[in-house]
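Report on the following structure.
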Amino acid sequence: KALRSQMNPHFVFNSLAAIQYYINENDFETSEYYLVKFSKLIRQFFDISVMSKISIEDELRLLKNYLDLEKLRFKDKLSYVINVDASLEKREIPTMLLQPIVENAINHGIFNKLDKGIVTINFKAITSSEITVEIIDDGVGFKKTYKKSKSNKSSQVLKDRIHFLNVSKDWEVQYFDEPAFPSANYVGN
């Protein structure tokens, strides 16, 4: 629970900074719209933070709201595509796991691009108890931007979260960020 509570501080800070920017620009309509979307997303985070698992259907709603908010922050420099095997929407995955990976794809991939970037999220059924989630960005690359950052606390929190999920024996989560793209495999339930 403590790890889940640490997952999104950068997102909250960046969103508040974007709202402040629109207020300072006297763009009250955009700042109000952004604030309403932000408050709905924060409410979703609070609602799921006490849960250990979430349906893929609910996770999709959360990711879409998050990505729509990031599109506002990036002034449409960002687009996204989400593909889901139809058989998966009722399946469950651990909560508070995918959004930080998507956030890293945006902040380390799309943010440093000069032109528009795209994030693609694919949910694929492997077996009746195993799925793969691919999070792909067409950005400059995590390794290039990671070297520039002094620390990557969110990556460590993610690794710790995966470790504790695997120790719980309820899930078997594998996370790969090489060679081509980050993905997470879930086996459970």
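Applying the side chain to side chain donor-acceptor pair (under 3.5 Å) criterion to D58, with sequence neighbours excluded, gives S55, R61. Under the side chain to side chain contact (heavy atoms under 4.5 Å, CB included) criterion, K40 pairs with V36, not counting sequence neighbours.
For the pair I118/I110, no side-chain contact is recorded, criterion being any heavy-atom separation below 4.5 Å from C-beta on. Annotation: side chain of W171 is in contact with side chain of K53 (closest heavy-atom distance under 4.5 Å). Under the 4.5 Å side-chain criterion, counting only non-hydrogen atoms from C-beta, I93 is not in contact with V133. T30 is not listed as a side-chain neighbour of E32, based on a closest heavy-atom distance of 4.5 Å or more. Residues L69 and Y34 are in side-chain contact: their nearest non-hydrogen atoms beyond the backbone lie under 4.5 Å apart. Side chains of Y66 and L98 form no contact here, defined as non-hydrogen atoms less than 4.5 Å apart.
Residue pairs meeting the side-chain hydrogen bond (donor to acceptor under 3.5 Å, both in side chains) criterion with at least one member in residues 113-127, sequence neighbours excluded: N83-N122, K113-D138, N122-E134, K124-E134.
Between the CD1 atom of I54 and the CG atom of L97 there is a distance of 11.0 Å, given to the nearest 0.5 Å. In this structure, the separation between CG on L67 and CZ on F74 is 10.5 Å, given to the nearest 0.5 Å.
Of all heavy-atom pairs spanning I23 and F28, the tightest one is O-CE2, 4.1 Å.
Two different hydrophobic clusters hold I131 and V81 under the rule that ILVMFWY side chains link at heavy-atom gaps under 4.5 Å.
Inspection of the Y80 and D68 side chains reveals an N or O donor paired with an N or O acceptor under 3.5 Å.
Panel note: side chain T95, backbone M51; a donor-acceptor pair is recorded below 3.5 Å. Side-chain N or O atoms of D137 include none that pairs as donor or acceptor with a backbone N or O of V119 at under 3.5 Å.
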